[in-house]
Amino acid sequence: MATAGKNLSAIEKEKTPSATLFNFGIVVSEWNEEITDALAKGAKEALLELGASSRNVHIHSVPGSFELALGAKMLIDSGKFDAIIAIGSVIQGETRHFEFVCQAVAQGVKDVTLQTGVPVIFCVLTDDTMEQAKARSGGKHGNKGVEAAVAAVKMAHLRHKLGA
Ligand SMILES: Nc1c(NC[C@H](O)[C@H](O)[C@H](O)CO)[nH]c(=O)[nH]c1=O
Ligand SMILES: CC(=O)[C@@H](O)COP(=O)(O)O
């Protein structure tokens, strides 16, 4: 199912554990900050709705999506977080730079989460247009930050349950 068939802001509370026990780091790209700020707001609000306390949700910014993987690794290395949400918005420009940034951030986030064993949730919009990005950061398709928050809680809970 494509995003168009989903409400990214839907939280199925009966299927989502409590966030009360966990500490969350959110690393946010400054590029397209209208979009990334909206994603971060949605993610934080969802974490609080799921029981996290505000003092256990820490938001840090990086210049662009390419830096998200290293930013996530820095937060993980602090030893303070049970899960990380990596937030970015990459929008196609005139050149192939879009392809390289998208590939780098996807690969980088995957590498960091697998190397460390700490959940790093990929909340990076990769859109052709600003309109598509707006639709997925609080617009007609909901907010991908909410979806990412739910994923972060589920993965933190699974890691805690398995003692991983
Ligand atoms: N064009 C976008 C970028 N580009 C910047 C890179 O992410 C990176 O910060 C730079 O190459 C320096 O290393 N970043 C986005 O997040 N979104 C874009 O649309
Ligand atoms: C994703 C990008 O880096 C891109 O937005 C930059 O724009 P351009 O390809 O026109 O240089």
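Counting starts at 1 for both ligands and their atoms, in listed order. These numbers come from a predicted model, not from an experiment.
Counting heavy atoms of neighbouring residues, nucleotides and ligands inside a 6.0 Å radius, atom NE2 of His160 does not exceed 12 of them.
Residue-to-ligand polar distances keep Val101 apart from ligand 1: every N/O pair is separated by 3.5 Å or more.
Salt bridge status for Lys73 with Asp77: present, with a side-chain N to carboxylate O gap under 4.0 Å. In this structure, Glu131 does not pair ionically with Lys134, as no charged nitrogen and carboxylate oxygen lie closer than 4.0 Å.
Exactly one of Ser137, Ser61, Ser89 qualifies for a side chain to side chain contact (heavy atoms under 4.5 Å, CB included) with Thr36. That residue is Ser89. A side chain to side chain contact (heavy atoms under 4.5 Å, CB included) with Val120 is found for one member of Leu75, Asp111, Ile85, Val109 and no other, namely Val109.
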Start with the C-alpha gap between Thr16 and Lys154, add the side-chain angles, then the distance that decides, and say whether side chain to side chain contact (heavy atoms under 4.5 Å, CB included) holds. CA-CA 6 Å; Thr16 309; Lys154 288 181 175 180; 3.9 Å; yes
Output, in order, the C-alpha distance, side-chain angles, deciding distance and verdict of side chain to side chain contact (heavy atoms under 4.5 Å, CB included) for Ile84 and Ile76. CA-CA 8 Å; Ile84 308 294; Ile76 290 168; 3.8 Å; yes
Residues Arg136, Asp127; criterion side chain to side chain contact (heavy atoms under 4.5 Å, CB included); working and verdict: CA-CA 10 Å; Arg136 290 156 176 81; Asp127 300 296; 3.8 Å; yes
Show the numbers, then the answer: is there a ring-ring contact (aromatic ring centres under 6.0 Å, His included) between Phe81 and His58? CA-CA 9 Å; Phe81 302 106; His58 296 257; 5.6 Å; yes
Determine whether Thr113 and Val118 satisfy the following criterion, side chain to side chain contact (heavy atoms under 4.5 Å, CB included), listing intermediate values before the conclusion. CA-CA 5 Å; Thr113 197; Val118 174; 5.7 Å; no
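In this structure, the protein non-hydrogen atom closest to atom 10 (O) of ligand 2 is Glu94 N, 2.7 Å. Atom 6 (C) of ligand 1 has its closest protein heavy atom at Phe66 CB, 3.9 Å. Considering only non-hydrogen protein atoms, atom 4 (C) of ligand 2 sits nearest to Ile91 O, 3.8 Å. Protein heavy atom at the shortest distance from atom 6 (C) of ligand 2 is His97 ND1, 4.2 Å. Taking atom 7 (O) of ligand 2 as the reference point, the nearest protein heavy-atom neighbour is Gly93 CA, 3.7 Å. Nearest protein heavy-atom neighbour of atom 4 (N) of ligand 1: Trp31 CE2, 3.6 Å. Distance from atom 9 (O) of ligand 2 to its nearest protein heavy atom, with residue and atom name: Thr95 OG1, 2.6 Å.
Near Ser29, meaning under 4.0 Å from one of its heavy atoms, ligand 1 places the atoms 16 (O). In summary, the atoms of ligand 1 found under 4.0 Å from a heavy atom of Ile91, numbered by their order in the structure, are 19 (O). Against a heavy-atom cut-off of under 4.0 Å, Val90 is close to the following atoms of ligand 2: 1 (C). The Phe98 neighbourhood of ligand 2 comprises atoms 1 (C), with distances under 4.0 Å to a heavy atom of that residue. Less than 4.0 angstrom separates some heavy atom of Asn32 from each of these atoms of ligand 1: 17 (N), 18 (C), 19 (O).
With a 4.0 Å heavy-atom cut-off, ligand 1 is reached by no atom of Val105.
Nearest-residue assignment for atom 12 (C) of ligand 1 (options His97, Glu67, Met130, Gln92; heavy-atom criterion): Glu67. Within the set Ser65, Ser89, Gly88, the minimum heavy-atom distance to atom 17 (N) of ligand 1 is found for Ser89.
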